[in-house]
Amino acid sequence: MYTSAGRHQTQSIAYSTDGGQSFTKYAGNPVLTLDVPDFRDPKVFWHEGTRRWIVVLAVGQEVQFYSSVNLKEWTYESSFGHGYGNHDGVWECPDMLEFGSEWVLLLNINPGGPFGGSATQYFTGKFDGHRFVCDSKPSTTKWMDYGKDHYATVTFHNAPEGRHVALAWMSNWQYAGVVPTLQYRSANSIPRDLKIFKSGDETILASVPSKEIDALRGKQLKKLSNACEVVVDVKGSAQIVLQNSKGEKVTMCYDEANRTFAMDRRQSGATQFSDAFPVETVAPTYGAIRQLRIFIDNCSIEAFDSEGKMVMTNLVFPTEPYNTVKVKGGKAKVYEILC
């Protein structure tokens with residue numbers, strides 16, 4: 001199911017009879033229309049309780065749910081969003097994830113992110129196949145990732161082993177068109193397995209690197225390379241500094257007392273292409289961190305609490321790769337990432 005863009009945005013379907021090698025557009029398209037400016041980004045999933053297909057769509061400042069028995073005729077079920085979460089930008093790319101009796105609604109927004117520009121917020125609650133009921137106060141906003149460069153998150157429906165595997169686009173619409181790269185405009189994040197946990201009365205979404213990433217871990221290195229994983233065991237508050245011979249650096253700080261993790265990229269390398277780029281991002285940790293997993297690529301840093309309670313994704317553009325890591329309050333091991 002996909003959005004057709006014409007005078008209005010409408011929803012269409014295409015089908016495959018050869019296992020996904022080729023697709024044929026349905027002759028009766030579009031299958032779902034609405035006379036509003038923003039009506040897009042369908043996420044279709046099977047709801048076992050009602051024995052129907054459900055599609056959730058971004059519609060301006062809300063999401064709408066529709067049901068179908070055949071994917072061709074759709075019935076409006078309900079809407080969600082007004083008064084809940086962040087509404088500083090357009091709502092886009094919704095997704096619905098089931099965790100037993102709990103449901104998570106992913107919702108991307110641009111602008112309105114915690115540090116400006118685009119980001120992924122989420123809501124937790126109940127869904128009966130007709131209506132989503134949020135279990136947080138309307139004023140509560142939850143962010144999936146507290147970096148500047150985590151947007152348009154989507155998951156694979158019906159993944160093996162009941163897993164929820166997510167990918168995000170590592171960029172931000174504040175500067176996506178002017179980042180100093182050639183041939184492409186930013187990459188996907190590493191795949192992340194999603195789960196939930198409780199923090200007080202709130203249900204929180206956790207992200208951990210998917211297990212397939214572990215298979216890419218190579219030998220232990222003595223210094224950083226342009227594609228590596230840094231595993232840091234921490235004891236209390238800690239500081240991690242990635243640096244190159246030109247003095248360009250990224251500083252990460254875990255504050256155990258305040259339960260925060262911060263990443264400062266203001267001296268990370270090329271930053272002058274956008275006033276919105278040089279920034280320090282800060283995340284709550286929802287408890288103590290004992291180990292960090294930090295994935296470094298040519299122009300990105302993805303930092304995870306090993307339990308998934310905190311994740312932060314930021315682009316960086318050093319003029320030469322970072323080659324040293326200095327840690328205060330912990331011990332680091334560096335592993336190559338096999339490509």
Side-chain angles (χ1 to χ4, degrees), residues 58 61-63 80-81 83-97 99 102-125 132 134-155 164 166-174 176 188-190 192-209 252-255 258-265 276 279-287 289 292 300-305 307-315:
Q61 289 284 299
E62 67 177 16
V63 296
F80 170 80
Y84 281 84
N86 187 293
H87 286 269
D88 291 342
V90 175
W91 283 23
E92 297 180 312
C93 303
D95 202 341
M96 285 288 285
L97 311 174
F99 297 87
E102 300 288 327
W103 287 78
V104 174
L105 168 63
L106 296 184
L107 199 286
N108 295 271
I109 188 169
N110 177 56
F115 301 98
S118 39
T120 306
Q121 64 178 320
Y122 67 93
F123 305 89
T124 58
F132 177 76
C134 185
D135 60 14
S136 298
K137 295 180 180 179
S139 59
T140 299
T141 300
K142 301 176 182 178
W143 299 106
M144 184 178 175
D145 186 298
Y146 278 82
K148 281 276 286 189
D149 300 298
H150 182 277
Y151 186 60
T153 308
V154 292
T155 68
H164 295 295
L167 289 175
W169 175 54
M170 289 195 296
S171 198
N172 190 306
W173 279 120
Q174 287 184 322
N188 286 335
S189 68
I190 63 171
R192 303 158 186 213
D193 275 31
L194 308 182
K195 55 185 180 179
I196 57 174
F197 66 95
K198 283 288 187 179
S199 178
D201 295 331
E202 292 289 348
T203 300
I204 305 299
L205 185 65
S207 301
V208 296
M252 290 168 271
C253 294
Y254 165 52
D255 186 328
N258 292 315
R259 294 290 198 261
T260 60
F261 177 86
M263 187 185 303
D264 187 344
R265 68 176 183 191
V279 70
E280 180 183 50
T281 55
V282 183
T285 63
Y286 299 106
I289 291 179
L292 289 161
S300 63
I301 298 174
E302 299 172 74
F304 295 81
D305 163 35
E307 297 180 16
K309 295 179 294 184
M310 184 285 305
V311 59
M312 183 177 290
T313 303
N314 281 316
L315 294 179

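Only a predicted model underlies this, so the values are computations on that prediction, with no experimental measurement involved. Note: hydrogens, waters and symmetry copies are ignored here, and every other heavy atom, side chains too, is used.
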Within the side chain of Gln61, is there an N or O that forms a donor-acceptor pair under 3.5 Å with the backbone of Asp88? no
A side-chain contact here means heavy atoms from C-beta on lying under 4.5 Å apart; do Ser189 and Glu302 qualify? yes
Ring pair (Phe, Tyr, Trp, His ring centres under 6.0 Å) partners for Phe123, two or more places apart: Phe80, Trp91
Between Ser300 and Asp149, does the side chain to side chain donor-acceptor pair (under 3.5 Å) criterion hold? Intermediate values first, please. CA-CA 9 Å; Ser300 63; Asp149 300 298; over 6 Å; no
Once rounded to the nearest 0.5 Å, what's the spacing between atom OG1 of Thr155 and atom CG of Asp95? 3.5 Å
At their closest point, which heavy atom of Gly117 faces which heavy atom of Gln174, and how far apart are they? N-NE2, 3.4 Å
Nearest 0.5 Å, please: how far is CG in Asn314 from CD in Glu280? 10.5 Å
Indicate yes or no for a side-chain donor-acceptor contact from Thr120 to the backbone of Asn108 under 3.5 Å, with no hydrogens or angles considered. no
Is there a donor-acceptor pair under 3.5 Å between the side chain of Asp145 and the backbone N or O of His150? no
Begin with the C-alpha distance, continue with both residues' side-chain angles, and end with the deciding distance and a verdict on side chain to side chain contact (heavy atoms under 4.5 Å, CB included) for Ile190 and Phe304. CA-CA 11 Å; Ile190 63 171; Phe304 295 81; 3.7 Å; yes
Using a cut-off of 6.0 Å, state whether more than 12 heavy atoms not belonging to Lys198 lie near its atom NZ. yes
Provide the closest heavy-atom pair for Ile109 versus Gly89 in the form atom of the first, atom of the second, distance. CD1-N, 3.7 Å
Can you give me the closest heavy-atom contact between Gly85 and Gln121, atom names plus distance? CA-OE1, 3.7 Å
For residues Asn110 and Tyr151, report the shortest heavy-atom separation together with the two atoms involved. CB-OH, 3.4 Å
So, do Thr313 and Arg192 sit near enough that their side-chain heavy atoms are less than 4.5 Å apart? yes
Compare every heavy atom of Ala119 with every heavy atom of Pro114, then report the nearest pair and how far apart it is. CD-CB, 3.7 Å
Between Phe99 and His164, is any pair of side-chain heavy atoms under 4.5 Å apart? yes
Does any part of the side chain of Met310, heavy atoms only, come nearer than 4.5 Å to the side chain of Leu292, both counted from C-beta? yes
Under the criterion side chain to side chain donor-acceptor pair (under 3.5 Å), I'd like the reasoning laid out for Thr124 against Asp135: C-alpha separation, chi angles, the key distance, then a yes or no. CA-CA 6 Å; Thr124 58; Asp135 60 14; 2.6 Å; yes
Side-chain contact test, heavy atoms from C-beta onward, threshold under 4.5 Å: evaluate it for Phe197 versus Glu307 and give yes or no. no
Between Cys134 and Tyr84, the two heavy atoms sitting closest are CB-CE2, 3.8 Å
To the closest 0.5 Å, what do you measure between CE (Met96) and CG (Leu107)? 11.0 Å
For the CE atom of Met263 and the CZ atom of Phe115, what is their distance to the nearest 0.5 Å? 11.0 Å
Can a donor-acceptor pair be found, under 3.5 Å and without considering hydrogens, that links the side chain of Lys142 to the backbone of Thr203? yes
Using a 4.5 Å cut-off on heavy atoms from C-beta on, say whether the side chain of Leu97 contacts that of Leu106. yes
When rounded to the nearest 0.5 angstrom, what distance separates CD in Glu202 from NZ in Lys137? 9.0 Å
Leu194 vs Met144 side-chain heavy atoms within contact, under 4.5 Å: yes
Could you check if a side-chain atom of Trp169 sits within less than 4.5 angstrom of a side-chain atom of Val154, using non-hydrogen atoms only? no
Side-chain donor/acceptor of Asn172 to backbone N/O of Lys148, under 3.5 Å: yes
Check whether Tyr254 reaches the backbone of Ile289 with its side chain - one donor and one acceptor, N or O, closer than 3.5 Å. yes
Look up atom CD1 in Ile301 and atom CZ in Arg265, then write down how far apart they are to the nearest 0.5 Å. 9.5 Å
Are any side-chain N or O atoms of Asn86 and backbone N or O atoms of Gly112, one a donor and one an acceptor, separated by less than 3.5 Å? yes
Between Lys195 and Val208, is a side chain to side chain contact (heavy atoms under 4.5 Å, CB included) present by the stated rule, with each step listed? CA-CA 8 Å; Lys195 55 185 180 179; Val208 296; 4.1 Å; yes
